[in-house]
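Heads up: the structure comes next, in structure tokens.
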Amino acid sequence: MTKLLISSLLFATSLFTTTDAKAEGRLTIYCTVQNNVCEDMTKQFSQKYNVDAQFIHGGTGTILGKLKAESSNPQADIWYGGTIEPHFQAGDLGLLEAYRSPLQAEILPQFKSLVESEPGKFTSIAYMLVLGLGINTEKLAKLGIEAPQKWEDLLDPRLKSEVQIPDPRSSGTTYTFITTLSTLWGEDKTFDYLKKLDNNISQYVKSTLVTSNLSRGESAVTVGFVHGYATEKEKGAPVEAIIPEGKVGYALGGVSIIKNARNLDNAKLFMDWVLSKEAQEIPWKKHGVYQTPTNVNAEVAPQSIKADTLEFVEIDYKKAGSSEEGKRLIDKWLAEIKLAK
């Protein structure tokens, strides 16, 4: 794993309280949602169950790399957040502990068959994200360019050095982008498109920087999950989200217990809790993070995308979630696009 990937393990915090004693012991969480959400979720779990809980923050690809490197001596108990394909890949590699949470019964009907399949033995679904475009309206106006409405619009030569997408080696977002386009167009057309798109890419960065750079006007257009753009708009940034024409790409946020977890019982308790109505409403009610809850009983924020309002791409999770396919696609992107200049 590169120094760049290692450096994206940004932050760890330990939180402990003595109230509401219903459990005891420790828990270490690898967390791949927004840092402030990681902190609050860890704190609330710690307070609710009297568990000495800490989290380590990192991107999806980074955490998967850590699980591989630490397989003989795991340094965390559970992995919360991040796109689900790398979770499935971890399960495919034997890096996860089997556990079907009873809260799987409360998942939205659209995703019930997925959690009832083989990967659902190891990974549950905690939220949904919708893939789309983020635009900086002020920057586009200065460039005299109309807002893109479909993926092909990103190839406009006037957008040279004005587009950013995450680096798929550390983020699951671009892996979702690749699998979405491959489902829609086929792999050959997708990689031909990505090669052309590379001409307009200023840089491939971490997911969090993609959105913040857009807000600051360092880019005009980005590819990402649209809930993040809604949050930036609420903060006053000249940012809008656009869902491209046609079938819509999406990602599911996974939660998985790590094989040989030292604190297995607390890991199960944490998984049950993050799948609950109570926990799934915390990101939007307290932090303005508008990922869509997947618990059928959870209230959905007005700013969130409703799962039943769009026609989604039918992702082949058996293929996309295999470790072999994940490595193959990332290696192909690296060889044919990133390093092919």
Side-chain angles (χ1 to χ4, degrees), residues 9-58 60 62-63 66-67 70-71 73-82 84 87 90-91 95-107 115 120-127 252-289 291 293-299 301:
L9 291 171
L10 301 172
F11 183 82
T13 185
S14 181
L15 300 146
F16 180 72
T17 184
T18 59
T19 62
D20 197 16
K22 298 179 182 178
E24 60 183 8
R26 299 176 179 274
L27 183 72
T28 300
I29 305 156
Y30 280 152
C31 192
T32 313
V33 295
Q34 288 81 357
N35 197 77
N36 60 332
V37 176
C38 291
E39 184 173 6
D40 192 27
M41 297 289 275
T42 303
K43 179 180 179 180
Q44 293 208 38
F45 175 79
S46 180
Q47 292 174 337
K48 185 176 181 69
Y49 295 106
N50 192 25
V51 172
D52 185 1
Q54 63 175 4
F55 78 89
I56 298 170
H57 188 268
T60 310
T62 303
I63 298 300
K66 283 186 69 64
L67 295 190
E70 298 167 0
S71 60
N73 185 26
Q75 299 301 299
D77 304 299
I78 192 165
W79 180 12
Y80 167 55
I84 206 165
H87 283 261
L95 300 174
L96 303 179
E97 191 78 36
Y99 177 61
R100 284 192 179 276
S101 169
L103 271 292
Q104 284 188 349
E106 297 182 13
I107 195 166
V115 296
K121 288 171 54 178
F122 302 95
T123 299
S124 291
I125 300 169
Y127 54 86
L252 298 170
V255 54
S256 307
I257 297 175
I258 298 166
K259 186 74 172 179
N260 297 320
R262 294 188 178 104
N263 303 290
L264 181 59
D265 288 343
N266 286 336
K268 292 178 179 179
L269 190 63
F270 183 83
M271 180 182 281
D272 294 344
W273 181 69
V274 297
L275 298 180
S276 70
K277 165 182 164 61
E278 170 198 353
Q280 291 195 10
E281 293 175 356
I282 291 172
W284 74 264
K285 285 188 173 180
K286 293 195 63 180
H287 302 285
V289 174
Q291 59 196 33
T294 51
N295 185 303
V296 70
N297 301 307
E299 185 179 354

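None of these values were measured; they are calculated from a predicted model.
In this structure, Phe55 and Glu39 have side chains that are in contact, with non-hydrogen atoms separated by less than 4.5 Å. A heavy-atom distance below 4.5 Å is found between the side chains of Val33 and Tyr127. Using a 4.5 Å heavy-atom cutoff, the side chains of Thr28 and Gln75 are not in contact. At a threshold of 4.5 Å between non-hydrogen side-chain atoms, the residues Ile282 and Val37 do not count as touching. In this structure the side chain of Thr42 reaches within 4.5 angstrom of the side chain of Ile29, judged on heavy atoms.
Listed for the Arg26 side chain is no donor-acceptor partner under 3.5 Å among the backbone atoms of Asn266. Side chain of Trp284 to main chain of Glu299: a donor-acceptor pair is present (N/O by atom type, distance under 3.5 Å, no hydrogens or angles). Between the His87 side chain and the Gly81 main chain, a donor and an acceptor come within less than 3.5 Å of each other.
The minimum heavy-atom distance between Leu275 and Ile125, with the atom names listed, is CD2-O, 3.3 Å. Nearest heavy atom pair, residue Lys121 against residue Arg100, reads CG-NH2, 3.4 Å. Between Gln104 and Thr123 the shortest heavy-atom distance is NE2-O, 4.0 Å. Lys277 and Asn295 make their closest contact through N-ND2, 3.5 Å (heavy atoms, listed as atom of the first residue, atom of the second, distance).
Evaluation of the side-chain contact (heavy atoms from CB on, under 4.5 Å) rule for Thr60 yields Thr32, Trp79, Thr83, Pro86 as partners, not counting sequence neighbours. Here Ser101 pairs with Asp272 under the side chain to side chain donor-acceptor pair (under 3.5 Å) rule; sequence neighbours left out. Every residue meeting the side chain to side chain donor-acceptor pair (under 3.5 Å) condition with Glu70, not counting sequence neighbours, appears here in chain and number order: Tyr30, Lys66. Residues forming a side-chain contact (heavy atoms from CB on, under 4.5 Å) with Asn260 (at least two apart in sequence, or on another chain): Pro74. Under the rule for a side chain to side chain donor-acceptor pair (under 3.5 Å), the partners of Asn263 that lie at least two apart in sequence or sit in another chain are Asp77.
For the atom pair Glu106 CD and Gln280 CD, the distance stands at 9.0 Å (nearest 0.5 Å). From Ile257, atom CD1 reaches atom CG of Leu264 across 5.5 Å, with rounding to the nearest 0.5 Å. Once rounded to the nearest 0.5 Å, the distance linking CD of Glu281 with NZ of Lys286 reads 13.0 Å. Distance check, rounded to the nearest 0.5 Å: SG of Cys31 to CD1 of Ile56 gives 10.5 Å. The NZ atom of Lys48 sits 4.5 Å away from the CD atom of Glu278 when rounded to the nearest 0.5 Å. Put simply, CG on Leu67 and CG on Leu95 are 6.0 Å apart, with the number rounded to the nearest 0.5 Å.
Residue pairs that meet the salt bridge (charged side-chain N to carboxylate O under 4.0 Å, His left out) test with at least one member in residues 260-270, sequence neighbours left out, do not exist here.
Relative orientation of the Phe45 and Tyr49 rings is tilted, given thresholds of 30° and 60° on the angle between their planes.
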